[in-house]
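Below: the structure, in structure tokens.
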Amino acid sequence: MGGPDVAPSLFCLLFLHLRFLVSAHIHHPLCPKPVLPPNSKVAPLLSNVSLTCPGCEGDVFWRCGQVECPKRMMKEGRLLLKSIQSKDGKVYTCIKEKQSVCSVELLVEEELEKPVMECYLRHPASNITCEWQKNSRIPRGNKVTLISSRGNKAKATSNPCSYRTYSKKYQCRLHHTEDYTESYYLSMCATSQTDSKIGDAMMVNYRSIMQPDPPIEVTVSPIDFAPRKLQVTWRKPRSWIGNFYALLYEVQYRPENSHQVSSAETSNCTFHIVDAIKGRRHFVSVRAKEEFYGSWSIWSQEANATPWADSAPTEPTEETLQEVSAFYFYTDSPQGDNDEDSGITISPSKPPWYTYVIGGISFGFILLLVLVVLIR
């Protein structure tokens, strides 16, 4: 029963392998070995080199680029370089009787890494991007190109790649239109001053390399009077242009100091967590994919929030508002003509005792003066 299924599978694998080999063979002419300049010498990195050229004999000295070489580096008309570095790759000139006799260009040969690239498509209508992150340092004069063809029989073309310092990757762009549904045959060529290497050819279809950028502006907020709920919102990536193609989102969340991770899928840009742990901070991230094909994006940056807690201040009731209003009314209303309207009985204040004493003495003194006048 298994025999009839195995044979077609092996045939398909062999066919794809042969197509890859053919594609790689087609691409080789677009990744040739560099042509060495005349009067040049190739030497491996960190090796010792003895330079000379025809006619450089007798009382001579050497110029290293634009400056005179130290005399300790010269011996019997030869220039001796020890443990050469990439910076030693330059033109050396032999000078005799103040005249240039001959020159030799030193090319420092460094090990060239074989390109290993990965390609992706951020939107069905965008260009294809291929990247290569080198594991070793970049040799001097290193150039990288992307070799591509539409289908196995189409003519291959070469596009230059640029080096991105912030990501430390070579990045190449391949023009793509959303109406093209066939496969691309791609490979990457790296060329230095002395050598070239081509990476393995790969066959890609736009559906297989579809991978959107992660969602942006992810926020998490507590929901009032809901101690086990959180609201998550986000925006689609800026590279996802228009609304014709839809995205599917996956929300991942976990409580603080816990390895328990929960997730859910949605087609909206908002999501409600209904099983949050009371009083615990939760960390949330979101990723996206095209709704029908392709792979998930990387996860967005984490956002966090803590659900609403029971100890949080509640909204004041009507009875509380009445009590507060009465408090400010009694303490702040001025005394005067409005005392009767306020409904509050205010007792008159009593004068101090010494006012009575002073009043009595004054009255007695006046009475005495009246009696004296009458007697006279």
Any pair counted as salt bridge (Lys or Arg N to Asp or Glu O under 4.0 Å), so long as it reaches residues 101-126, sequence neighbours left out: E110-R137, E113-K134, K114-D200, R122-D213

Listed once per pair and sorted, the salt bridge (Lys or Arg N to Asp or Glu O under 4.0 Å) pairs that draw on residues 37-61, sequence neighbours left out: none

Within 6.0 Å of NZ in K278, more than 12 heavy atoms from elsewhere: no

Selection residues 234-255 - residue pairs positive for salt bridge (Lys or Arg N to Asp or Glu O under 4.0 Å), sequence neighbours left out: E217-R235, E250-R287, R254-E302

Members besides V91 in its Ile/Leu/Val/Met/Phe/Trp/Tyr cluster (side-chain heavy atoms under 4.5 Å): none

From CE (M202) to CE (M188), nearest 0.5 Å: 9.5 Å

Those residues that, when tested against D88, pass salt bridge (Lys or Arg N to Asp or Glu O under 4.0 Å) (two or more places apart): none

ILVMFWY network linking V60 to L51, side-chain heavy atoms under 4.5 angstrom: no

Test salt bridge (Lys or Arg N to Asp or Glu O under 4.0 Å) applied to K169 - qualifying residues, sequence neighbours left out: E131

Whether Y253 and F271 hold their rings parallel, tilted or perpendicular, with breakpoints at 30° and 60°: tilted

For Y170, all residues meeting ring-ring contact (aromatic ring centres under 6.0 Å, His included), sequence neighbours excluded: W132, Y163

Validation row: L121, V204 side chains within 4.5 angstrom (heavy atoms): no

Common cluster, I128/M117, ILVMFWY with side-chain heavy-atom separation under 4.5 Å: yes

Derivation of the salt bridge (charged side-chain N to carboxylate O under 4.0 Å, His left out) call for D195 and K33: CA-CA 6 Å; D195 195 10; K33 298 290 183 180; 2.5 Å; yes

Counterpart residues, side-chain hydrogen bond (donor to acceptor under 3.5 Å, both in side chains), relative to K82 (two or more places apart): none

side-chain contact (heavy atoms from CB on, under 4.5 Å) assessment of L174 paired with L146: CA-CA 8 Å; L174 176 65; L146 178 67; 4.1 Å; yes

Sulfur-sulfur distance C94/C53 under 2.5 Å: no

H282 side chain vs A276 backbone, donor-acceptor pair below 3.5 Å: no

Residues that E290 engages under salt bridge (Lys or Arg N to Asp or Glu O under 4.0 Å), provided they are two or more places apart: none

Side-chain heavy atoms of I95 within contact of S100, under 4.5 Å: yes

Partner residues of E256 under the salt bridge (Lys or Arg N to Asp or Glu O under 4.0 Å) criterion, sequence neighbours left out: R281

Plane angle bin for Y180 and Y184 - parallel if under 30°, tilted between 30 and 60°, otherwise perpendicular: tilted

Side-chain donor/acceptor of T52 to backbone N/O of R78, under 3.5 Å: no

With T306 via side-chain hydrogen bond (donor to acceptor under 3.5 Å, both in side chains) - residues at least two apart: none

Residues in disulfide (SG to SG under 2.5 Å) contact with C119, at least two apart in sequence or another chain: C130

Distance in Å, I216 CD1 paired with W234 CH2, rounded so as to fall on 0.5 Å steps: 13.0 Å

Shared hydrophobic cluster for L248 and W299 (ILVMFWY, side-chain gaps under 4.5 Å): no

Heavy-atom side-chain proximity of K143 to T145 below 4.5 angstrom: no

